[in-house]
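Comments concern the structure below.
Just follow the structure's listing: the first ligand is 1, and inside any ligand the first atom is 1.
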Amino acid sequence: MAELIDGKVLSAQIRSEVRTEVENRIKSGKRAPFLTVVLIGEDPASASYVKGKAAASAEVGIGSDTLTFDASISEKEVLDVISRLNADQKVDGILVQLPLPAHIDERKVINAIDPAKDVDCFHPQSVGNLVIGIDGFQPATPAGIVEMLQRSQIPTAGKHCVIIGRSNIVGKPLANLMLKKGIDSTVTVCHSRTPNLPEIARQADILVAAIGRANFVTADMVKKGAVVIDVGINRVEDATRERGYRLVGDVDFEAVSKIASFITPVPGGVGPMTIAVLLQNTLKASNKQD
Ligand code: NDP
C-alpha cells in the first residue's frame, strides 16, 4: 500500500517557516510583506481560492487585500489598476486571479505586472528565468510538487518523471523544474495528442497527473513502486454530500494506491502546497524590495 504524501502537513511546515521569516523581518524593523489580489467577476471557485489565499497570508503575518471588480470592467481599467499597484511601494506581490472575463486579454494583463511583483510566476520574464535556471519566483503548483518530493525524501536525480498535461500553469513549468540541475530528472511530457500515453506513463518513476479529468490515471498505467502526484481537482456528483458533489483528482486513488510507493490525496495533497509557495514568493518579493 502506498505511503500518503500529506500536503496539509508539509504545507504547514512551509507556512511555519514563512511565519518565522516574516517575524524576523519585523523584528529587524522592516514592514510585513504585502500581497494584493485582483478578483474580477463572480466565479465562485475563484472567490473561494482568493479567500483561501487571504486567510493563509494572515496566518503567517503577510498583509493582504483583495480588489474586487465587476465582470464588466474594461481591459483598460484593469491595466490601470495594475499600473497603480506596480507603482505602490506598499505592495510587494500582485496576483490576478484567473480566469478573467472573455473580453479581457489575460496575457496583456499578466505582461503588465512588474516582474518584481509577479508572485504567481506567470510573467514571461519569470518564466524565462525558470527555463534558464535563474533564481526568482517559483511557479506555485510545480514548486509545491517539488517541495513535496524533497520533504518526503523522494529521490529525483536520474528518475524518469512523466507529466501528463502541458499547461502553462502546471505541466510546462513543472517539466522545467524537474529538469533543473540539482533536481535532475529525465522528463517526458504527455498531452491529448500523445498516442501511446499509458505505455509512457508505465515507464514513470514519478508520475504527475495534471489533466482535469476524474480518475484518468488507472492502475494499469502505473509501474509498481512509482511515486504518483495528483494535481487534478474535479467535481463529481455526490448526493450524499450537502453541496451535491465531492472533489476528486485525476488518479483512481483507490486502485493506484495499491501499486504506487507514494501517492498524494485529493483534497489535501498538491492544493495546500500551491498556497504555501505563493506565501514563500510574497516573502521573497518583499525581501527583494528592501
Ligand atoms: P489545462 O486544461 O490547462 O490543461 C490540461 C492538460 O491536460 C492539457 O495539456 C491537455 O492536453 C491535457 N489533456 C486533456 N485531456 C487529455 C487526454 N485525454 N489525454 C492526455 N492529455 C489530456 O489544465 P491545468 O493544467 O490548468 O489543470 C489541470 C488540473 O489540475 C485541473 O483539474 C485543475 O483544476 C488542477 N489544478 C490544480 C491545482 C492545485 O493547486 N492543486 C493548480 C492548478 C490546476 P492538450 O494541451 O493537448 O489540450
Side-chain angles (χ1 to χ4, degrees), residues 4-8 10-12 14-15 37 43-53 55-56 95-100 106-107 110 119-122 127 130 137-149 161-178 187-204 207-218 220-222 228-236 245-253 263-281:
L4 205 66
I5 306 179
D6 191 334
K8 284 192 211 151
L10 297 177
S11 65
I14 297 177
R15 292 201 306 275
V37 180
D43 179 43
S46 291
S48 134
Y49 292 146
V50 165
K51 245 171 119 179
K53 288 167 187 173
L95 186 154
V96 177
Q97 184 65 44
L98 302 179
L100 298 181
E106 275 183 10
R107 196 24 76 189
I110 290 168
V119 288
D120 246 343
C121 196
F122 289 165
V127 178
L130 169 69
F137 294 122
Q138 298 283 313
T141 303
I145 292 170
V146 171
E147 290 274 4
M148 287 183 122
L149 295 170
C161 175
V162 175
I163 301 164
I164 313 177
R166 58 172 163 180
S167 72
N168 288 335
I169 296 177
V170 189
K172 277 193 244 169
L174 179 62
N176 284 288
L177 271 188
M178 295 304 291
V187 179
T188 304
V189 184
C190 301
H191 47 79
S192 66
R193 306 299 295 272
T194 305
N196 51 342
L197 196 152
E199 190 186 312
I200 296 172
R202 272 195 298 277
Q203 294 168 23
L207 180 62
V208 183
I211 309 146
R213 287 177 181 232
N215 298 325
F216 182 93
V217 174
T218 47
D220 60 311
M221 291 165 68
V222 179
V228 179
I229 308 288
D230 192 351
V231 184
I233 303 174
N234 307 291
R235 285 183 181 193
V236 295
Y245 67 88
R246 71 193 147 88
L247 296 180
V248 300
D250 288 344
V251 174
D252 178 355
F253 182 87
I263 191 165
T264 63
V266 177
V270 175
M273 301 300 288
T274 298
I275 293 191
V277 175
L278 169 69
L279 302 175
Q280 283 179 325
N281 280 345

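Side-chain atoms of D230 never come within 3.5 Å of backbone atoms of T264 as a donor-acceptor pair (strictly under, hydrogens ignored).
Residues satisfying the side-chain contact (heavy atoms from CB on, under 4.5 Å) criterion with D6, sequence neighbours excluded, are K8, V9. N176 meets the side chain to side chain donor-acceptor pair (under 3.5 Å) test with no other residue; sequence neighbours excluded.
Contacts classified as salt bridge (charged side-chain N to carboxylate O under 4.0 Å, His left out) and involving residues 189-200 (residues at least two apart or in different chains) are not found.
Closer than 4.0 angstrom to ligand 1 by heavy atom are T141, G165, R166, S167, V170, H191, S192, L197, A210, I211, G212, R213, F216, V231, G232, I233, N234, V270, G271, T274, sorted by chain and number.
In this structure the side chain of I263 never reaches within 4.5 angstrom of the side chain of I5, judged on heavy atoms. Contact annotation: the side chain of L207 approaches that of V222 to within less than 4.5 Å [non-hydrogen atoms, C-beta and beyond].
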